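For reference, the structure discussed in these notes is given below.
Because only heavy atoms are used, hydrogens play no part in the values below, and waters and symmetry mates are left out as well, while side chains stay in. Only a predicted model underlies this, so the values are computations on that prediction, with no experimental measurement involved.
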Amino acid sequence: MKSEAFQSLVVARALFDQVDVLMYADNKYSSSAALVILQDALELVLRAALVELGLDEIKNLENASFDQLIADLRATGVAVPKTGTIKAMNKGRVTVKHHGQLAEHETVKNFVAAAQFATAVIMDSVFNVALSEVFAGGQLKDDEIRSFISAAADHIAKREGFSALLCIRKAIFVAIEAEYDIGPYADPNVDRNNWSLLLSSRGRSAPWHTRTPQFIEEHVQEPFDFIQFNHEKLRVDLMEWGINTQDFWNIRRLTPAVYRKENEQDFVFETINSFDPDLELENAKYCLDRAVNVLQKIQAHKDNSRSNPYGEPRALKLRRETTKYKKAARSSETAGTLPAETIILCDNFLIGLDGEAYVKLFPDFSAKEWFWCYVVLDDCYGYEELDRDRLRLEDASPAHLPRT
């Protein structure tokens, strides 16, 4: 779905929700207001459909009338049902808006039904999704985060402020707070240098001194204390993502604390010290807008990342006993030896600091080897078929390489 079309549909859904609220009043004033909003909502749906179909690229839609939008959409082959009633709705809106005459509730009720039916048909034909499934944050790619934001929007529509705040905080927990969770380090029998912990995203951003059973025993008094921020890193990350730091802290202050253990589905949460439903609903609306903005910026930052696809490691066999070096140079500190005929997994090949060709090995985590090591390429079988021009082995000039 195109971004412009998506944004129009989000606004249209909000307007349709307001129409439903106004129609509950069952009086001419509210019904007349609903009629004005209803026409705007349907017009946004029509424009969104035309944009999604690409008609805006060949035709100027900015000055197109309501009737012209309907004609243009029908010309693309999309059915627009209840056309007569919809055009009558537009004339009724003109009467209310420009002449100050009130509309009858039953008349507007018929217009609402026609507009909703037409919208359902258009959404199914063009977007293959119902308008009720379009919400702020609907373009978030993470399924779990998107589901929390969708649930929050639904709770707000039902005036369930606390439930909405809870869902918003769950989304923030998954997107940001989980990286500061020191819960996995609580077991004293688990080495915190364990490679699975070091490579896990869970807790990787927490301060190193907090990732110990002793710290947890002394400082964690409730589940929410497992979140230990590295405030400087968090501040830098928020700035890099283009997020107002105050928005993040406002969301945390206004939403209930939540926590979920790694590899579990259920959250634990606390209540908040406000028992005013109206205030909770107001805070939920505030937090939802800012949470969606935060999450979209994090996603955009990730989407802008580019890297080469990471292929499978290459297996080579050593032709003789060889030394592992901590740097790509024979003069560097060694990291042990490997016997002849050993199968090694290499990451890539490179010209070393001394001008020789080296194989860069994957760290051996099982041996608590956390750093890259290097062996001389000539000590290996299976490299002869490599593209030596790409390696630039023949043209490498040691005189231009730094020496240890």
*For Glu341, does the CD atom sit with more than 12 other heavy atoms under 6.0 Å from it, leaving out its own atoms?*
yes
*asked:* I'd like to know if the side chain of Gln214 pairs up with that of Glu218 as donor and acceptor (distance under 3.5 Å, no hydrogens or angles considered).
replied: no
_Please identify which of these residues, Phe248, Tyr180, Trp249, meets the ring-ring contact (aromatic ring centres under 6.0 Å, His included) condition with His231._
Trp249
*Only one of Val376, Ile351, Leu377, Leu353 clears side chain to side chain contact (heavy atoms under 4.5 Å, CB included) with Tyr358; which?*
Val376
*Does Lys82 NZ have over 12 foreign heavy atoms under 6.0 Å away?*
no
*Pick from Tyr259, Phe173, Tyr185: which one makes a ring-ring contact (aromatic ring centres under 6.0 Å, His included) with Phe226?*
Tyr259
*So, the side chain of Gln228 versus the backbone of Asp225: is there a donor-acceptor pair under 3.5 Å, distance only?*
yes
*asked:* Donor-acceptor check, side chain of Ser150 to backbone of Ser147, threshold 3.5 angstrom: yes or no?
replied: no
*Taking C-beta and beyond as the side chain, do Glu4 and Glu52 meet within less than 4.5 Å on heavy atoms?*
no
*For Leu238, which of Ile298, Thr245, Asp247, Val294 qualifies under side chain to side chain contact (heavy atoms under 4.5 Å, CB included)?*
Thr245
*side chain to side chain contact (heavy atoms under 4.5 Å, CB included) between Val121 and Val80: does it pass, once the steps are laid out?*
CA-CA 7 Å; Val121 172; Val80 183; over 6 Å; no
_Strictly distance-based, threshold 3.5 Å: is any side-chain N or O of Lys170 a donor or acceptor partner for the main-chain N or O of Phe267?_
no
*Are any side-chain N or O atoms of Ser125 and backbone N or O atoms of Ile122, one a donor and one an acceptor, separated by less than 3.5 Å?*
no
*Between Asn293 and Arg290, does any side-chain donor sit less than 3.5 Å from a side-chain acceptor?*
no
*Is the number of heavy atoms from other residues, nucleotides or ligands under 6.0 Å of Lys360 NZ greater than 12?*
yes
*Do side-chain atoms of Thr95 reach the backbone of Lys91 as a donor and acceptor pair under 3.5 angstrom?*
yes
*Check whether the side chains of Gln7 and Ser3 place a donor and an acceptor atom closer than 3.5 Å, and report yes or no.*
yes
*Pro184 vs Arg202 side-chain heavy atoms within contact, under 4.5 Å*: yes
*Tell me, yes or no, whether the heavy-atom count around Glu217 atom CD, taken from other residues, nucleotides or ligands under 6.0 Å, exceeds 12.*
no
*Heavy-atom donor-acceptor pair, Asp40 side chain to Ile37 backbone, under 3.5 Å*: no
*So, Glu106 versus Asn110: side-chain donor-acceptor pair below 3.5 Å or not?*
no
*Polar side-chain atom of Asp124 near backbone of Ala120 as donor-acceptor pair, under 3.5 Å*: no
*For the pair Gln299 (side chain) and Lys141 (backbone), establish whether a donor and an acceptor sit closer than 3.5 Å, ignoring hydrogens and angles.*
yes
*Around atom NZ of Lys285, are there more than 12 heavy atoms of other residues, nucleotides or ligands at under 6.0 Å?*
no
*Would the number of heavy atoms belonging to other residues, nucleotides or ligands and lying under 6.0 Å from CD of Glu270 be above 12?*
yes
